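Structure, as structure tokens:
Note that the coordinates shown come from a computational prediction; the quantities given were computed from them, not determined experimentally. For reference, positions follow the sequence shown, starting with 1.
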Amino acid sequence: AVASAKKFEAEDVWESMGLDNHMKTDAVEKRKAVKKLMAEINPGLNAYYSRDEFPPWLLDKLKSVDIMAFKWLPNMGASTSIRLSLALFTMSWPEGLLDGACLLHPELDWRCQLINDYGSERQKEVILRDIVKMDKLICFGLTEPLNGSDASGLRTTAKKVEGGYLLNGSKKWIGNGMVADYLTIWAKNLDDGGRIQGFIVRKGAIGLSTSKIHTKMALKIVQNANIELQDVFVPDDFKLAKVKNFETGARPILIKSRAVATFCVAGLAAGAYEEALRYTLERK
């Protein structure tokens with residue numbers, strides 16, 4: 001039984017499913033590069049995982065395989081075939097590290113889409129390129145302490161003042177909130193009928209405070225945060241230009257993220273299967 005099982009080697013599982021046949025050549029190359037990278041860095045991640053810490057060298061390692069540039073720089077408005085290729089690439093990532101998948105999908109991936117689809121040209125120029133190159137991070141601040149991600153009960157507000165807006169409120173469980181350079185905060189615009197709109201807050205803004213959520217059961221490398229906003233000033237040109245309300249901003253991004261999440265889960269299952277198969281074939 002063991003001899004016959006050896007033809008199903010762990011590293012050949014992906015190919016045995018024929019998934020590479022549905023991917024663009026550059027996507028296949030990136031998938032293999034990511035798998036090789038994960039094999040190299042996974043042993044060093046355990047200590048950080050047990051301490052709920054974000055490895056300071058992780059982003060540089062991810063940048064070395066240029067993942068986000070592959071996904072975004074050439075593919076704005078991508079075709080269906082390219083999107084399928086990217087989806088399968090997304091599935092391949094959690095095989096090595098689910099926390100990494102949650103860093104890039106959705107914490108960076110559809111944040112890029114958020115700026116690309118709803119930001120002004122200046123916002124794209126100032127923010128998007130740095131995010132794609134992973135020189136800076138961005139997070140998505142919707143969930144709140146008292147009502148979760150139920151946008152109908154959102155309590156964070158934005159009040160128009162000269163030159164911009166003042167934000168007040170709280171957010172909770174915001175992934176990468178502790179390490180993000182830009183925080184996308186969803187708030188009710190008191191001067192626009194209470195419509196839920198997006199405001200980009202820079203790290204270190206006056207009135208902004210973040211605190212790390214400890215003792216999580218999973219995804220310990222992802223730094224979830226409590227966020228407090230007290231009269232945080234956001235300039236006019238850092239309000240998401242094309243977001244009129246929840247229906248034209250946060251909602252479509254959240255819907256797309258759910259599709260991404262299904263590919264992440266499938267990749268996690270594949271990774272668990274591969275590891276179980278590897279152990280079974282190698283155990284003495």
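- With sequence neighbours left out, Ser209 forms a side-chain contact (heavy atoms from CB on, under 4.5 Å) with Glu228.
- The shortest distance between side-chain heavy atoms of Ile127 and Tyr182 falls below 4.5 Å.
- Side-chain contact between Thr156 and Trp186 is absent, with no heavy-atom pair separated by less than 4.5 Å.
- Leu128 CG to Ile115 CD1: the interatomic distance, rounded to the nearest 0.5 Å, is 7.0 Å.
- Listed here is the closest heavy atom pair of Gly119 and Ala241: C-CB, 4.3 Å.
- For the side-chain contact (heavy atoms from CB on, under 4.5 Å) test, residues two or more places apart in sequence or in another chain that qualify with Ala33 are Val65.
- Under the ring pair (Phe, Tyr, Trp, His ring centres under 6.0 Å) criterion, Tyr48 pairs with Trp57, sequence neighbours left out.
- Taking the salt bridge (charged side-chain N to carboxylate O under 4.0 Å, His left out) definition, one finds that Arg51 meets it with Glu53, sequence neighbours left out.
- Remark: Lys216 NZ is packed, more than 12 non-hydrogen atoms of other residues, nucleotides or ligands lying under 6.0 Å away.
- In terms of heavy atoms, Phe140 sits closest to Ala250 at CZ-CB, 4.3 Å.
- Within a 6.0 Å radius of CD in Glu40, more than 12 heavy atoms belonging to other residues, nucleotides or ligands are found.
- With sequence neighbours left out, the salt bridge (charged side-chain N to carboxylate O under 4.0 Å, His left out) criterion links Glu247 to Arg251.
- Distance alone, capped at 3.5 Å, is enough to place a donor-acceptor pair between the Glu144 side chain and the Arg155 backbone.
- Two residues are said to be in side-chain contact when any heavy atoms from C-beta on lie closer than 4.5 Å; Leu229 and Val201 meet this criterion.
- Pairs passing the ring pair (Phe, Tyr, Trp, His ring centres under 6.0 Å) check and including a residue from residues 147-172, sequence neighbours excluded, read Tyr165-Phe199.
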>> Let's go through Phe233 and Leu167 carefully: what are the C-alpha distance in whole Å and the side-chain angles of both, what is the deciding distance for side-chain contact (heavy atoms from CB on, under 4.5 Å) to 0.1 Å, and is it a yes or a no?
In response: CA-CA 6 Å; Phe233 179 74; Leu167 269 58; over 6 Å; no

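- Among residue pairs with one or both ends in residues 180-195, those qualifying as salt bridge (Lys or Arg N to Asp or Glu O under 4.0 Å) are Lys159-Asp191, Asp192-Arg195; sequence neighbours excluded.
- Taking a 4.5 Å side-chain heavy-atom cut-off between Ile, Leu, Val, Met, Phe, Trp and Tyr, the cluster of Ile213 extends to Trp173.
- Closest approach of Ala158 and Ala187 over heavy atoms only: N-CB, 4.1 Å.
- Among all heavy-atom pairs drawn from Cys139 and Gly175, the shortest one is CB-O, 3.3 Å.
- If you chain together hydrophobic residues whose side chains sit under 4.5 Å apart, Leu240 and Leu254 fall into the same group.
- Nearest heavy-atom pair, Tyr118 versus Gly249, reported as atom, atom and distance to 0.1 Å: CE1-O, 4.0 Å.
- Pairs of residues two or more places apart, or lying in two chains, never qualify as ring pair (Phe, Tyr, Trp, His ring centres under 6.0 Å) while including a residue from residues 200-228.
- Side-chain contact check for Leu59 versus Phe54: some heavy-atom pair is nearer than 4.5 Å.
- Applying the salt bridge (charged side-chain N to carboxylate O under 4.0 Å, His left out) rule to Lys61 yields no partners; only residues at least two apart in sequence or on another chain are considered.
- Ser170 and Pro145 make their closest contact through O-CD, 3.7 Å (heavy atoms, listed as atom of the first residue, atom of the second, distance).
- The shortest distance between side-chain heavy atoms of Ile174 and Asn176 does not fall below 4.5 Å.
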>> Apply side-chain contact (heavy atoms from CB on, under 4.5 Å) to residues Asp52 and Lys212 and explain how you reach the verdict.
In response: CA-CA 10 Å; Asp52 298 0; Lys212 179 178 174 179; 3.9 Å; yes

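- Going from atom CG of Asn168 over to atom CG of Leu166 covers 7.0 Å, rounded to the nearest 0.5 Å.
- Counting heavy atoms from C-beta on, the side chains of Phe246 and Leu154 never come closer than 4.5 Å.
- In this structure, Ile200 and Leu183 have side chains that are not in contact, with every pair of non-hydrogen atoms separated by 4.5 Å or more.
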>> Walk me through whether Asn224 and Val222 qualify under side-chain contact (heavy atoms from CB on, under 4.5 Å).
In response: CA-CA 6 Å; Asn224 291 78; Val222 176; 3.9 Å; yes

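- Checked against side-chain hydrogen bond (donor to acceptor under 3.5 Å, both in side chains), Thr143 has no partners two or more places apart in sequence or in another chain.
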> Going through the checks in order, is the side-chain contact (heavy atoms from CB on, under 4.5 Å) test met by Thr184 and Leu142?
Replying inline: CA-CA 8 Å; Thr184 306; Leu142 175 65; over 6 Å; no

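- Residues Asn226 and Lys171 bring no donor and acceptor atom of their side chains to less than 3.5 Å of each other.
- Asn189 and Gln197 share a donor-acceptor pair across their side chains, judged by distance under 3.5 Å alone.
- Counting only residues at least two apart or in different chains, salt bridge (Lys or Arg N to Asp or Glu O under 4.0 Å) contacts with residues 230-239 comprise Arg122-Asp237, Lys160-Asp236.
- Counting heavy atoms from C-beta on, the side chains of Ile185 and Val232 never come closer than 4.5 Å.
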